[in-house]
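Below: the structure, in structure tokens.
Any value given below was found using the heavy atoms of this structure, including those in side chains, with hydrogens, waters and symmetry copies removed. None of these values were measured; they are calculated from a predicted model.
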Amino acid sequence: MAYNILIVDDSLPMRAVVKKSIKMSGFNAGQFLYASNGKEALDILRDNWCDLVVTDYNMPSMNGMELIMEMKKDETLSTIPILVITTEGSARRVEEFMEAGAAGYIKKPFTPDQIRQQLNNILGEPENGEGNDDNGDEEFDF
Amino acid sequence: MITAMKSSIFEIMETMFFTPVEFPDSISEKFSDLKQPDKIIAGRLNFSGPFLGYFILFAPKKLAKMLTSDFLGEDEENISSEQISETVKEILNMLAGGTFTHYDDNAVFNLDIPETVDFDKAKTDGASPVEKIVVIAQTPDDFLSLAMFKASA
């Protein structure tokens, strides 16, 4: 099964790097969708099914914590797991993310191995032979 | 704090850019673009928390382009100035977050959105700092500098 992933980050390079890291990790990703803040992410999630949201914390308009809280209020969106990838690394902040309902947390800088480990924790280990095929997705366009 | 800044620079350059760094006491005049304002790109990030202040990152444009190329996995000739600017802001964001994590894992600092700024504005804008900490990092290609200005206790 290929998973559709929404990457939420106001940094264009970081969105590209997160996508590249997920692909390098060997995780079976399907379609990638992008948003530059929480508000855009909610709009996308209401129109598109995503299996996972990967979000930054520090963004304009609506930050990652506010996005988690909005998703948890929504009956449908509350079922989508959320992985937080951010520079905000204090123990208290991580605790806040997890209490708000994040399924996992990765601190920048990160490696593809850390991404794979978190994705496997959240969505389950891939079955034998299941890998990340090239899905023909265009490279990230700046 | 200076140790936290160095640890953050080391960790981010190694992990995200596969670039080793050293921390010399001074910059070689002959070698670096870092002392030439027209060849520099600067980023600024304000923060609040147990104390207020801001970070400034100075990087030679040539080095910033190389780092952007490494970061995105794109050839240097295909790198745009927007990509360089966005990458410098992201590097600064990671450096600031990493510095505070290394400094005090239990303290919560709020980071503003990073911005690129003019070289001169970066050095003069904002409230007069009460403390300035500067770290110079040397990569195989050039130097970069991370400065933290504590505005108030």
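In this structure, CG in B:Asp105 is found 12.0 Å from CZ in A:Arg92, a value given to the nearest 0.5 Å. Atom CG of residue B:Leu45 and atom CG of residue A:Asn58 lie 7.5 Å apart, to the nearest 0.5 angstrom. Rounded to the nearest 0.5 angstrom, B:Asn93 CG and A:Asp9 CG are separated by 8.0 Å. Rounding to the nearest 0.5 angstrom, the gap separating the OG1 atom in A:Thr86 from the CG atom in B:Leu111 is 7.5 Å.
Linking ILVMFWY side-chain heavy atoms closer than 4.5 Å, directly or via other members, places A:Val8 and A:Met98 in a single hydrophobic cluster. Hydrophobic clustering keeps B:Phe47 apart from B:Ile113 (ILVMFWY residues linked when any side-chain heavy atoms are closer than 4.5 Å, directly or through intermediates). Put simply, A:Tyr3 and A:Ile7 are part of the same group of oily side chains (I, L, V, M, F, W, Y) that touch within less than 4.5 Å, one to the next. One hydrophobic cluster, built from ILVMFWY side chains closer than 4.5 Å, cannot hold both B:Ile91 and A:Met59; they sit in different ones. Both A:Met71 and A:Leu33 are part of a single hydrophobic cluster, where members link through side-chain heavy atoms under 4.5 Å apart.
Across every non-hydrogen atom of B:Val108 and A:Ser90, the tightest pair is CG2-OG, 3.6 Å. Shortest non-hydrogen contact noted between B:Thr87 and A:Pro13 is OG1-CG, 3.5 Å. In terms of heavy-atom proximity, A:Lys20 sits nearest to B:Asp70 at NZ-O, 4.2 Å. The shortest heavy-atom contact between A:Leu12 and B:Glu86 is N-OE1, 4.0 Å.
Looking at B:Phe100, there are no atoms closer than 4.5 Å to chain A (heavy atoms on both sides), in backbone or side chain. The part of B:Asp112 that comes within reach of chain A is its backbone (N, CA, C, O), which places non-hydrogen atoms under 4.5 angstrom from that chain.
Surrounding OH of B:Tyr103 are at most 12 heavy atoms belonging to other residues, nucleotides or ligands under 6.0 Å away. Counting heavy atoms of neighbouring residues, nucleotides and ligands inside a 6.0 Å radius, atom CE of A:Met69 does not exceed 12 of them.
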### Task
Applying side chain to side chain contact (heavy atoms under 4.5 Å, CB included), run through B:Asn110 and A:Arg93 and close with a yes or a no.
CA-CA 10 Å; B:Asn110 299 301; A:Arg93 186 75 84 197; 2.7 Å; yes
### Message
For a side chain to side chain contact (heavy atoms under 4.5 Å, CB included) check, start with the C-alpha distance between A:Glu88 and B:Phe109, then their side-chain angles and the critical distance, and finish with the verdict.
### Response
CA-CA 8 Å; A:Glu88 303 274 334; B:Phe109 285 87; over 6 Å; no
Indicate every side-chain donor-acceptor pair of residues 15-22 of chain B with a distance under 3.5 Å to a residue at least two apart or in another chain.
| residue | atom | partner | partner atom | Å |
| --- | --- | --- | --- | --- |
| B:Thr15 | OG1 | B:Glu11 | O | 2.7 |
| B:Thr19 | OG1 | B:Phe17 | O | 2.9 |

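With hydrogens and angles disregarded, no donor-acceptor distance shorter than 3.5 Å links the side chain of A:Lys108 to the backbone of B:Ile12.
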